[in-house]
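Report on the following structure.
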Amino acid sequence: MSITRSTPLEKVIQKQLAGRLAEARDVHTVGDFLDFLPRRYIDANTAGRLAEFEVGETAVLVATVVQANGRAMRNRKGRMLEAVIEDADGAQARLVFFRAWGHEQKLIPGATALFRGKLEAYRGSFQLAHPEYTFVADDESASVYASGLIPTYLAVPKTTDLSITIAMQQVLGSWEGDDPVPAELVDRHGLPSLHEAYRLLHLPTSRADIGRGKRRLRYDEALVVQTALAARRAEQDAQHGTPRVAREGGLLSRFDERLPFQLTAGQVEVSEQIAADMARERPMHRLLQGEVGSGKTVVALRAMLATVDAGAQAALLAPTEVLAQQHERSIRRMLGDLAEGGMLGGDEHGTRVALLTGSMSKSARQAAMLGIVSGEVGIVIGTHALIQGMVDFYDLGLVVVDEQHRFGVEQRDALRSKAIHPPHVLVMTATPIPRTVAMTVFGDMDTSELRQLPSGRAPIVSHVVPAAKPGWLERTWSRIAEEVARGHQAYVVCPRIGGEDPDAFLDEYGIENPWADDDPEDDGKPVMASVLSTLDKLRAEPALAGLRVEMLHGRMSADNKDRVMGEFAAGEVHVLVSTTVIEVGVDVPNATMMVIMDADRFGISQLHQLRGRVGRGAGGGLCLLVTDTEKPETLQRLEAVAASNNGFELADLDLNLRKEGDVLGASQSGGRSGLRLLRITHPKDAELIQLARVDATELVGTDPTLRAHPALADLLAERLDDDQVAFLERG
Ligand code: ADP
Ligand code: MG
């Protein structure tokens, strides 16, 4: 039997072990098993005795279990395990596991193992909490781990690392190593074969082996993504689009005439790029990056007006209903009577603007849809409802997507399918994206940037407020009162709504629960400021007596949200306590101050984005980052945000601190994007991404459907989901 990546694992290794791997780790095939990479490597060569390590250091010890007691815990569910180990000198250390499960069966008196963990002093004795360990002290392991580098895997019940390594040897011995990447590319970059790469990772003889093996797998990941993107680009290039060019003296020039300011040099340049794209017979796919307030919407609106000039329609998609309404209001305001085409008093060149959101009444929605299908409406603004519903356009020429990070490729595709000919697509994002990320996530688009803010805007001043220091929080509230006394308004942003699981917030941002492994004595969930509790607090706050304080959050009804937003926009509400629903696009120039509660719970880019809501007028803005953290690195991060108003600079800083998953957004991280090892923000991997991009373009250029490389096509199918590979079947 020839063994390939898709051969069921139980055909190759011991059935019982295969069953355990399947159950615990979802490992079913030879390929799954090969990809079940060691989590860490313990270096047995550096293993020693307790006396060699200091408290606080990571100790690697060879020791024997002399005592082990599992017991139920007093204050929480589950069992804990305490054990005592002894090294060759007779020196002892205590082991403690707060989750005894899986360890209790293995760490029995007499068992000798290699332990690795941070050495602590606890009640006069040495202690290792949750150490890693692997059983090695016998002849068999001595021969398997000849190099002394011991791979340790994620736990599989009733299974030792040694048995996994032995099974891996077996698999590597019988698997032929079907390598999906053309040998020519592997050679060109001096990469090991796939078979070799897995051997280096599972059975390393040195640290350098591990690096070499990883580099190969990272390249593969980059190549898969870049090949999919290259195919997408090739497909787009082959599409037929309709040129949409503004008319002389038409709607766009009428708009330009009445624009109350001059476009910045950046806006002019980007507008020209867009106009050139839209004049071509293939659809535009352009990503426009620029901070909040950099003037993207004006640029997009000009492209929309050019589209209407050309007799077609433009759609603007916003990620939330609030934002869609906001866009509608500001676009109507900018257009004035140009938005009243065909109506009494409207401009003769005018068009009509329609809003389309999920919460509109059925009749209002029908009226809007009628205008859209008949072509009377030139500009449509809406949310997802727009694309998911049964909306027909008369002739959709341009789609503008605001805030890309909430929109996936699928949604872009769904919209594209609404047009007879694929429309031009302009995606706007306020989150600056470094080049390699852009190349990976938006690799099928051209990019433009607005780096300069329109002049005449005073910068936002930010400060960190240590909530624990007496008087600081009170000062924050009276500062709000002062701002209101000057006729301005303020936001108070909280990380959660209240009344829900305080950790749910973490899921939303794809952050692993940092308290999960904390001191088990303290199982108190983190308490974060909530909208509900902060609202109560501020309404009772003497400094704010007489002010109108309202709240805005995602669990409110659409009507209530609208009402509050409307009242805030009208200046009737002085202080708006909200979640990050205001993050994108809410535009109330009179709001000049923002207080962000528990600011340490937000990412750098998000804080920057949030504070972009203030200082939209000429008066500048003030942002106070309230925190009770005492962690130096967290404070440093907040100070960095306070010190810089440069979104691109902050984005780079952010990337160094965040995990890939957060960068890519939940839907694009992890398995779905096929990125497991590749670190798209790491300089070394950025280089691999570049290589892979060139390789992929070349591959797809000569062989668009990868007919000559079926194994690579299979890998794409395996790694990417159906939508993403649909192009292969089509070709
Ligand atoms: P973005 O969409 O990038 O957040 P907007 O296009 O909404 O930015 O612009 C933010 C504000 O700045 C708006 O009130 C807009 O009218 C104004 N603005 C845009 N471009 C200019 C400019 N060139 N000069 C002065 N003000 C501008
Ligand atoms: Mg905007």
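No experiment lies behind these values; they were computed from the predicted model shown. Both ligands and their constituent atoms are indexed starting at 1 by order of listing.
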Between Asp277 and Arg244 (salt bridge meaning N to carboxylate O under 4.0 Å), is one present in this structure?
no
Does ligand 1 come near enough to Gly295 that some N or O of the ligand is less than 3.5 Å from an N or O of the residue?
yes
Heavy-atom neighbours of Glu257 CD exceed 12 at 6.0 Å
yes
Provide the number and element of each atom of ligand 1 under 4.0 Å from a heavy atom of Leu263.
23 (N)
State if Ser294 counts as touching ligand 1 under the rule of any non-hydrogen atom under 4.0 Å.
yes
Any heavy atom of Thr264 under 4.0 Å from ligand 1? The part involved is both
Counting both backbone and side chain atoms, is some N or O of Val298 under 3.5 Å from an N or O of ligand 1?
yes
Quick one: list whatever passes side-chain contact (heavy atoms from CB on, under 4.5 Å) with Val484, sequence neighbours left out.
Ile480, Leu547, His574
With a 4.5 Å limit on heavy-atom distance, are the side chains of Ile331 and Leu316 in contact?
yes
Pick one of side chain, backbone, both or neither for how Gln262 approaches ligand 1, counting any non-hydrogen atom pair under 4.0 Å.
backbone
Strictly below 4.0 Å, N to O, side chains only: are Arg258 and Asp337 in salt-bridge contact?
yes
Between Glu639 and Arg637, does at least one N-O distance fall below 4.0 Å, as a salt bridge requires?
no
Ligand 1 atoms in contact with Pro454 (distance to a heavy atom under 4.0 Å)
20 (N), 21 (C), 22 (C), 24 (N), 25 (C), 26 (N), 27 (C)
